[in-house]
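Only one structure is covered here, and it is reproduced in the block below.
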Number of protein chains: 4
Amino acid sequence: MAQLDFFSDYMEGAAPEILERLVATNFEKTPGYGTDVYCASAASKIRAVCGAPDAEVFFLAGGTQTNKTVISALLKPWEGVIAAHTGHISVHEAGAIENGGHKVFELPEHLGKLDPEEVEKAFAAYEADGNRDHMPAPALVYISHPTETGTLYTKAELERLAAVVRRRGAKLYLDGARLGYALGSGQTDVTLADIARTCDAFYIGGTKVGALFGEAVVFPKPGTAPHFFTFMKQQGALTAKGRILGLQFDTLFTDGLYERLGRHADRLADKIRAALEEKGYEVVFGSTTNQIFIRLDNARWEELSRRIGLSFWEKPDAEHTVARIATSWATREEDVDLLIAEL
Amino acid sequence: MAQLDFFSDYMEGAAPEILERLVATNFEKTPGYGTDVYCASAASKIRAVCGAPDAEVFFLAGGTQTNKTVISALLKPWEGVIAAHTGHISVHEAGAIENGGHKVFELPEHLGKLDPEEVEKAFAAYEADGNRDHMPAPALVYISHPTETGTLYTKAELERLAAVVRRRGAKLYLDGARLGYALGSGQTDVTLADIARTCDAFYIGGTKVGALFGEAVVFPKPGTAPHFFTFMKQQGALTAKGRILGLQFDTLFTDGLYERLGRHADRLADKIRAALEEKGYEVVFGSTTNQIFIRLDNARWEELSRRIGLSFWEKPDAEHTVARIATSWATREEDVDLLIAEL
Amino acid sequence: MAQLDFFSDYMEGAAPEILERLVATNFEKTPGYGTDVYCASAASKIRAVCGAPDAEVFFLAGGTQTNKTVISALLKPWEGVIAAHTGHISVHEAGAIENGGHKVFELPEHLGKLDPEEVEKAFAAYEADGNRDHMPAPALVYISHPTETGTLYTKAELERLAAVVRRRGAKLYLDGARLGYALGSGQTDVTLADIARTCDAFYIGGTKVGALFGEAVVFPKPGTAPHFFTFMKQQGALTAKGRILGLQFDTLFTDGLYERLGRHADRLADKIRAALEEKGYEVVFGSTTNQIFIRLDNARWEELSRRIGLSFWEKPDAEHTVARIATSWATREEDVDLLIAEL
Amino acid sequence: MAQLDFFSDYMEGAAPEILERLVATNFEKTPGYGTDVYCASAASKIRAVCGAPDAEVFFLAGGTQTNKTVISALLKPWEGVIAAHTGHISVHEAGAIENGGHKVFELPEHLGKLDPEEVEKAFAAYEADGNRDHMPAPALVYISHPTETGTLYTKAELERLAAVVRRRGAKLYLDGARLGYALGSGQTDVTLADIARTCDAFYIGGTKVGALFGEAVVFPKPGTAPHFFTFMKQQGALTAKGRILGLQFDTLFTDGLYERLGRHADRLADKIRAALEEKGYEVVFGSTTNQIFIRLDNARWEELSRRIGLSFWEKPDAEHTVARIATSWATREEDVDLLIAEL
């Protein structure tokens, strides 16, 4: 790996506050499976910041596990989920949703986002189809926020999408693997309370935003996913020593740490973006969060990637490469300055 | 929870050596999904202690996830797994194996163990059945070591079982959720190398033996479970920040820590067992590891469980209760002495 | 195959009335997927005879398909089904229920039947279990009537079972693969209306009682299995040319043909049973329907099975064999007389 | 339904030759599950006409069931199937493939067909993807012949596709729900032997080509789908009274009946197509088999569909409707003449 590593946002351990508390509480004895005081406290803080006093909160170990478990819990066997064709569940989860028995209906992406009108049309087309009883039923809409390419839904977009979904009797699920980087962005008007108000389920990502591992699933309305505890167990998604997850989220949601970690990464990403633009790089995909995408000719990509740790993203054509630079909660400002100097 | 807590072996955090290394390495940058140096080092140490230089080693987050993923990977859709009717997969995993599509064939338990002759008979009955093409095929045998009630297979038993299984073209899988307490027992002749030699797959449990969380799956013969990495991903069992798992197992397998942690718990359990027997308690189930089971009349159970943290296990009849006392890698000798005084 | 074939009840084609109507209607044009007049008429007649005017009726192709589709439709992912350990779904459906994701909880059989008290105890044990959230939930009870060994529930037993099941919020499902032979028995007080009143779902078997193939699923209360049409399609259980099934059941439920076919087979079975007892054979299992089971010493089995078409059933011990003789709707009285002469 | 019904090709019963044999053999006794002489004879004739003396042949009840069972049997859990986005499995099987755990990778269609170069690119893109271990693996290509819109692959196209698939270590599966109408077309150079030579699995459709119901699966190379019998049983796809299927296919493959039935429907479709073109209708989609698609303005569609039984297919834009006219093995020439007069 190169000296200057900007490969991803899951390269370091955890926020020091988390490690300190793990050490401090190490020999406390707690009961298992998320029934401990730390999980209770974390859930309580999450309910408060979401403005959802009755929300059900569960802690799982990782993102694909969370998507698979939540989506399967919300769908009946003959139902499927709508997602952008670049959605994480569409591409990079090894068919986890299909393994759970459900079709992913792929719609076009617009800067990584679903267009509410196209979602509306997909529902309408299904309902108008004379053969719909021979077809899987779209019953859930999956979005990621930030998207896989770092863009954000506006509050208005989220509300429009929620209205479309609600009108069809379907549900809205938000994958917040990088949610901290959404909340910390200078260019968002979406709060956790907005998400809790518009979505039927979402998760607050820990693995990529300061935790060793872990994601917090929130069902704002209780009863959304009956017997979810047992279903988690069945899916292999129930952590025995749940307090390890609870304690991490309790820490992340104390004194605004979660958002602060996100803001740190976003600010450094903004700094890199500004420098890139100044230097004449073509910044693409419209990300306003911790991921930065640049379009390079292949020679430049070859040269840069030897010196700097950035990720190959895709080849839009034979001559060009899109590369990703990712900051994280752990990125040091001096490394950003070094990076900018090297670009 | 009572003052003196002996409820289970997953009540505390992790061995201090692990926390120290987590802190020390926290800001190192590593690639994801188990491709880091810590996973590589841990796998290498595990291969060495198993005497299985070509073994494939994978790190997963928890026990049910591991059982579900490994068993599904080893079975074809029409195949099932033989287990004791007290086996963890038979009872306490919320139907995870069936959710993966496979039948669990339950056989009687003998102090928690399968009897090789009964396994042989089950295979023979299947093969002799004229309707066997209408039946799921037994193709894997699941054992736990220690069993759910703390007993251990002898090397001779393990070898007999392996011979039975091999002869039928089936596979043997060992659930080592508490494997450290097997290895650390004063009354075992089974080593990790014996397990690697007799089993097609097994896992070394971290969650209950000194890790924050995590289990290490070992396939002694490479190629046993093709594309297991992708299958883990699909099952939601691939940890993004894999180094957290690798580092824990690397620590556990440095300087014999894993076995030492097990031995500590077993020694304290032996001390409690000796005291119990001296005091006239009826110690049952034959455990020689960190779990102790006692048969009490109900009044005694009521009285004891108010003062001491022990678990309800079962009611063998209307008048009696079996209770469990569990030590762990984290149990303090002074608490054991206090417990003995209270009994 | 021997001259005198009493191997099973699916050896011949279909009741001549069915073939005649297939020929007579062959060039009529009907829409597909069970939306034709024959399906409508058959459903209407079945509703009438069941005294269930709002019942939903669906036609499927075979028994395992029906069991798998109905049971999966009635269970949530974390739920399982209670069945006798000799139940068809427990043994001879190649793990179809588990393939659908559900555990089969096996209870002891009593002449092939479940005992309501034992079912009650199984529910109670689950509900009393402190770990029940880690266990699959029993939510459905599967019975067969006649059972796999030809015995019948009495009306009182059926009502007791239904009361137990209802009290636990669970459902009762009756596999009627051979239902005609139950209805036609001289020793039953159970009518189709009793079944419709006590069960949440059941199927009326055609394949073994006069049809070329086909089973009619009845949900006495509408809404029991929402979107069952689409679920059938997904399970590969929706017949394109549904009228072939509808027409068969319409014929079977015209002028009491279905029950008449059953009665014919039962009467001949009674005649054989009487002869067997007179000749000193040991008739076992208590069947009062079209299947007859006899316990023979092995030499006698060898000798008889060379001359007569009877099925091997099982070896209760090293020296004996249980054999099955099956009559059917198509059995000729003269063959029965020949059989009796040969016994 | 209108007087002149051209809605679909599964509106009538079966070829009279089949009904005659069903009647003639009705009281013969045969063993179950496809082990009878009729299945053996049918399989033998199919092997002969396919030029595949070692082929394994199985008889199933319907198309979706067949697709689901074969595709699941050929894929490992982490593998998926490539299909045209208009493929029957992509749209109209209610998510059956996903219910079996597998992703359908949808590629563009070209007159209903897959383009070998695009398939090649899909495989190449997967293999070149650095994240492919996080993705489901394309391992099977599904085509229909005729396609859902009646077009046919040429022998050269089939061979090119097979070469692409073979080179990637994948498999090729052909859905022949309407295969008779392919074989009977005047514009095809593809024989059953060509299909058996190029495909790893295919099915010969009976339901839409002269049978009451039933599809014959062919695996030209034995061992392609191990334990397929048990897997069929588990999937609810094994017919107890298998001889009903065997006898139908035995009849269809006696004296070239199957191809003759197809040719009849195709000739009448050609006659209709010629008339339509003469009358100035816009015939679309390029079908050369028994389905005919015409593009109408909406008013014309409204008017026509009141008088004639044709199917709504789709609305390509707000002003137009595509309608389908289907002939079948059972269509009478005088009805075709009446239809032409009415158009």
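Letters A, B, ... mirror the listed sequences (proteins, then strands); counts begin at 1.
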Which pair of non-hydrogen atoms, one from A:D5 and one from B:K29, has the smallest distance, and what is that distance?
O-NZ, 2.9 Å
If you take all heavy atoms of A:G242 and A:D36, which pair is closest and at what distance?
C-OD1, 3.8 Å
What residue among B:Y173, B:F229, B:F228 forms ring-ring contact (aromatic ring centres under 6.0 Å, His included) with B:F219?
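Of the listed options, the one satisfying the test is B:F228.
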Between [X] and chain B, which part of the residue has a heavy atom less than 4.5 Å away: side chain, backbone, both or neither?
X	result
A:Y33	side chain
A:L19	side chain
A:E20	neither

For the residue pair B:V104 and B:Y142, establish whether any side-chain heavy-atom pair is separated by less than 4.5 Å.
no
Would you say that B:V209 contacts B:Y258 through its side chain, given a criterion of any heavy-atom pair below 4.5 Å between the two side chains?
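A side-chain contact exists here, since the closest heavy-atom pair is under 4.5 Å.
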By a 4.5 Å heavy-atom criterion (distance strictly below it), what part of [X] contacts chain A: side chain, backbone, both, or neither?
X	result
B:A211	backbone
B:R243	side chain
B:Q235	both
B:K233	both

Taking every heavy-atom pair that is under 4.5 Å apart, which of [options] has the most such pairs with chain A?
options	answer
B:L238, B:I244, B:L212	B:L212
B:A240, B:A14, B:A330, B:A61	B:A14
B:T25, B:N26, B:L60	B:N26

Would you call the rings of B:W329 and A:F27 parallel, tilted or perpendicular if under 30° counts as parallel and over 60° as perpendicular?
tilted
Where do B:F58 and B:Y203 land on the ring pair (Phe, Tyr, Trp, His ring centres under 6.0 Å) test, with the steps shown first?
CA-CA 9 Å; B:F58 297 90; B:Y203 82 85; over 10 Å; no
For chain B, which candidate among A:T207, A:T69, A:T230 shows the most heavy-atom pairs at distances under 4.5 Å?
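It is A:T207.
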Using a 3.5 Å distance criterion without hydrogens, assess whether the side chain of B:S144 forms a donor-acceptor pair with backbone atoms of B:D175.
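Side chain of B:S144 to backbone of B:D175, a donor-acceptor pair under 3.5 Å: no, none is there.
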